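Shown next, in structure tokens, is the structure this report addresses.
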Amino acid sequence: MERKNITNFDKVKLRLLEFAENQNIPKGEFYEKISVPSSNFSGKGAESALSSDKIAQICSKFPDLNSDWLLLGRGEMLRSSTQSVGNISHSTAVG
């Protein structure tokens, strides 16, 4: 898939497709799971950004998906089992 002038929005969509492939989810099934039409990933539709609400829904639906990787291309695609969501850690005081 070779395209010129790939924007940051395109990169998010490309990373989503990479994630689906990594998870062995067929594209059609993936589009259905994230409630986005396939046309949003091809032609002129591929040049448009996904809304922040849609990205939040996708991250919620796939909690193993590392949002830093999805949005910024940083880190690993999948969260490690010890990585906390939103960098929030909980502790309990005893005493």
Side-chain angles (χ1 to χ4, degrees):
M1 174 179 187
E2 185 171 311
R3 293 179 17 194
K4 296 181 181 184
N5 299 325
I6 295 176
T7 66
N8 287 333
F9 303 127
D10 292 334
K11 289 178 185 177
V12 168
K13 289 181 178 181
L14 289 173
R15 283 192 284 271
L16 279 172
L17 293 176
E18 185 179 340
F19 171 74
E21 184 176 321
N22 177 271
Q23 298 298 297
N24 296 316
I25 304 171
K27 284 183 184 178
E29 184 180 325
F30 184 70
Y31 299 143
E32 198 173 301
K33 283 184 180 219
I34 64 173
S35 303
V36 174
S38 61
S39 61
N40 211 303
F41 285 82
S42 62
K44 286 287 187 189
E47 297 173 10
S48 66
L50 292 173
S51 71
S52 57
D53 287 344
K54 180 53 67 182
I55 292 172
Q57 287 174 343
I58 292 168
C59 290
S60 177
K61 187 172 290 266
F62 298 100
D64 290 342
L65 177 59
N66 181 351
S67 58
D68 280 350
W69 176 81
L70 177 62
L71 297 173
L72 306 171
R74 291 192 298 207
E76 299 296 320
M77 177 189 300
L78 302 176
R79 294 182 186 279
S80 66
S81 58
T82 58
Q83 188 176 12
S84 61
V85 176
N87 295 323
I88 298 172
S89 60
H90 299 280
S91 61
T92 330
V94 178

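Here, residue 1 is the first one in the sequence, and each next residue gets the next number. From a predicted model like this one, the values you see are computed outputs, not experimental measurements.
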> Tell me, do I34 and L50 make a side-chain contact under 4.5 Å, heavy atoms counted?
Replying inline: no
>> Could you measure the distance from the CZ atom of F19 to the CD1 atom of I58? Nearest 0.5 Å is fine.
In response: 10.0 Å
> Once you round to the nearest 0.5 Å, how far does OG of S52 lie from CD of Q57?
Replying inline: 10.0 Å
> Does a donor on one side chain and an acceptor on the other come within less than 3.5 Å for S35 and K54?
Replying inline: no
> Does E29 CD have over 12 foreign heavy atoms under 6.0 Å away?
Replying inline: yes
> How close do W69 and G75 get, heavy atom to heavy atom, and via which atoms?
Replying inline: CD1-O, 3.5 Å
> Taking it one step at a time, do K44 and S39 satisfy side-chain hydrogen bond (donor to acceptor under 3.5 Å, both in side chains)?
Replying inline: CA-CA 8 Å; K44 286 287 187 189; S39 61; over 6 Å; no
>> With a 4.5 Å cut-off on side-chain heavy atoms, are M77 and N22 touching?
In response: yes
> Can you check whether I25 reaches F62 side chain to side chain, under 4.5 Å on heavy atoms?
Replying inline: yes
>> Could you report the tightest heavy-atom contact between N40 and K13, atom names first, then the distance?
In response: OD1-NZ, 2.5 Å
> If you measure from CZ on F30 to CG on L17, what distance do you get to the nearest 0.5 Å?
Replying inline: 7.0 Å
> With a 4.5 Å heavy-atom cut-off, do F41 and L14 have their side chains touching?
Replying inline: no
>> Could you measure the distance from the CZ atom of R74 to the CG atom of N66? Nearest 0.5 Å is fine.
In response: 9.5 Å
> Any idea which heavy atoms bring R15 and L71 closest together, and the distance?
Replying inline: NH2-O, 3.3 Å
> What heavy-atom pair brings I55 and L70 nearest, and what distance separates the two atoms?
Replying inline: CG2-CD2, 4.2 Å
> Got a sec: does the CD of Q23 have more than 12 other heavy atoms crowding it under 6.0 Å?
Replying inline: yes
> For the residue pair L65 and R79, what are the closest heavy atoms and their distance?
Replying inline: O-NE, 3.6 Å
